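Beneath this line is the structure, given in structure tokens, with notes to follow.
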Amino acid sequence: MDRIRIGLIGLGTIGTGVAKTLLENTALLEQRLGFSLELTSIADIDIEKDRGIAIPRDMLTTDAYSLINSPDIDIIVELIGGIEPARSFILDALKSGKHVVTANKALLASKGKELFDAAQTYGKDLYYEASVGGGVPIIKALRESLVANNFIFIYGILNGTCNFILTEMNEKGSTFEDTLKAAQEFGYAEANPAMDIEGIDSAHKLAIITSLAYGVPPDMSGIYVEGITNLSTLDVGYARELGYKVKLLAHAIDRGDRVEARVHPTLVPFNYLLSKVDGVFNAFYVRGDIVDSTLFYGRGAGMMPTASAVVSDIADIGRNILAGIAGRIPHLGYRKDLPRPKRYMPIDDITTNYYLRIQVLDKPGVLAKIAGILGERDISIVSVIQKGVLMNGYVSIVMLTHEARESDIRKAVDTIEALDEVGGKPVVIRVEDKNLKKNS
Ligand code: HSE
């Protein structure tokens with residue numbers, strides 16, 4: 001039986017899951033593939049630590065380059081994360097004739113162009129299913145299964161840690177800090193959890209998704225990012241009263257010659273499927289012009305779901321190697337020699353609905369002043385409620401707006417904040433609700 005030899009760099013949570021899968025599901029993989037996936041060597045800076053699986057000692061090394069330069073390895077699997085030395089490992093592996101599998105979304109979002117160009121130059125495959133959505137096969141779906149479609153939009157819950165935190169805040173009123181600690185203990189959070197809660201991990205994944213869907217290069221500077229650190233349980237509660245859950249939602253939307261790409265807390269109506277995606281689960285709601293609506297759902301983080309995606313890439317590359325082909329599918333979905341004129345849309349130009357919470361002194365005329373400022377900017381109010389007395393005589397006015405332009409909302413909110421009767425910075429959360437759009 002033919003065999004494909006694999007060198008694994010990085011024996012952390014995901015690396016251990018990959019090793020476990022290759023060592024334990026060997027027979028199943030052989031039955032499905034008709035060749036064997038042989039884990040030849042593993043490199044990690046710590047080869048003493050007990051990873052909870054039986055790995056033959058002679059498979060382990062601290063020298064990643066002994067794998068990268070080995071003539072006895074066909075595929076290098078990079079699972080160390082971060083930019084360097086991961087970038088150099090991948091470039092050098094491609095140069096030395098290896099195909100590469102990675103789960104490294106931060107690297108692809110920032111250096112994707114360089115890496116995919118190198119893969120093309122050296123005639124090798126660079127696969128990355130595990131970089132987005134953990135075990136959910138969204139890369140293959142967008143790039144291959146839905147190849148016939150113009151993507152009207154893709155909405156995604158892309159970060160398990162944030163979704164877990166928001167679910168706990170929404171259902172149990174738990175504090176942000178306690179929930180984050182639990183997410184770290186479960187192994188969902190990034191090594192630096194700020195990447196999760198500041199929305200950066202979601203933005204890395206959105207850069208890859210936007211690129212695949214619309215043919216723009218992965219570019220973090222084109223993506224608007226707001227995390228969940230400033231979100232209060234008060235707003236999560238008011239949103240619930242209004243019929244919404246707060247989700248950290250990633251948006252990729254076709255706007256003709258421009259693409260909207262943004263990640264931020266978003267009010268999602270209870271009757272949307274995405275509002276039912278709770279805990280560590282991820283989901284992608286994809287609308288194509290041919291297929292219409294599709295939903296992809298599954299575990300977006302964790303050892304074994306992510307390993308499932310990594311091993312699928314290894315299997316695909318193994319098939320390519322034995323068929324004597326590489327580069328059969330453009331890495332980012334589009335032929336590079338056929339230009340795509342789309343550009344990222346600046347956040348100021350987007351239009352959507354908004355939730356506003358403004359702390360005001362409870363006296364006559366304040367609401368009229370605020371409504372006037374919004375009206376001057378062409379911002380129309382859908383509904384307004386006043387919530388009970390807060391400390392120091394302030395009350396909260398909670399509003400939902402019809403569709404408005406982001407730049408108008410920002411200017412109006414600055415003017416409102418400067419009013420004497422207003423205490424503190426107004427809270428602005430974007431809303432994704434097709435019923436509000438229809439009536440505007
Ligand atoms: N920290 C990520 C998450 C893991 O919480 O979704 C997968 O990228």
Side-chain angles (χ1 to χ4, degrees), residues 10 12-18 21 77-83 86 101-110 112 127-139 154-169 174 176-212 218 220 223 225-229 231 246-250 263-266 274 277-284 296-313:
T13 306
I14 313 305
T16 304
V18 170
T21 307
V77 180
E78 180 278 307
L79 295 174
I80 58 172
I83 305 299
V101 173
T102 180
N104 195 331
K105 59 256 162 175
L107 182 61
L108 294 179
S110 57
Y127 281 13
Y128 53 97
E129 183 64 66
S131 64
V132 183
V136 185
I138 189 66
I139 303 291
I154 300 168
Y155 297 145
I157 294 175
L158 307 188
N159 186 271
T161 300
C162 287
N163 206 45
F164 179 74
I165 292 172
L166 292 175
T167 302
E168 295 287 301
M169 282 172 79
S174 313
F176 186 89
E177 290 74 19
D178 286 352
T179 320
L180 173 59
K181 204 150 33 126
Q184 285 173 300
E185 280 161 16
F186 287 128
Y188 303 149
E190 296 299 300
N192 171 7
M195 301 289 274
D196 296 298
I197 59 182
E198 302 288 358
I200 300 160
D201 177 76
S202 294
H204 287 148
K205 294 167 181 167
L206 182 62
I208 297 169
I209 291 288
T210 310
S211 198
L212 275 170
M220 287 295 285
I223 296 190
V225 194
E226 227 180 86
I228 62 168
T229 44
L231 204 60
V246 184
K247 294 289 181 193
L248 184 67
L249 200 67
V263 173
H264 48 72
T266 306
L274 280 176
V277 175
D278 282 331
V280 71
F281 282 86
N282 280 195
F284 303 81
F296 300 83
Y297 168 85
R299 289 190 182 276
M303 178 192 279
M304 300 317 289
T306 313
S308 165
V310 172
V311 175
S312 84
D313 278 347

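Order of listing sets the numbers, starting from 1, for every ligand and every atom in it. Computed from heavy atoms alone, side chains included, the values below leave out hydrogens, waters and symmetry copies. Worth saying up front: this structure is predicted, and the values here are computed from it rather than measured.
- No side-chain donor-acceptor contact under 3.5 Å links E168 and T179.
- By the side chain to side chain contact (heavy atoms under 4.5 Å, CB included) test, F296 is found to be paired with V136, I138, A141, L146, F284, V286, T294, residues two or more places apart in sequence or in another chain being considered.
- Residues satisfying the side chain to side chain contact (heavy atoms under 4.5 Å, CB included) test with M304, not counting sequence neighbours, are K20, T21.
- Residues passing the side chain to side chain contact (heavy atoms under 4.5 Å, CB included) test with S211, sequence neighbours excluded: P218, L332.
- T266 and H264 share a donor-acceptor pair across their side chains, judged by distance under 3.5 Å alone.
- Protein residues having at least one heavy atom under 4.0 Å from any atom of ligand 1 are K105, N159, G160, T161, Y188, A189, E190, D196, D201, K205, G300, A301, listed by chain and number.
- Between F281 and Y297, the ring planes lie parallel to each other; the angle is under 30°, not in the 30° to 60° tilted range.
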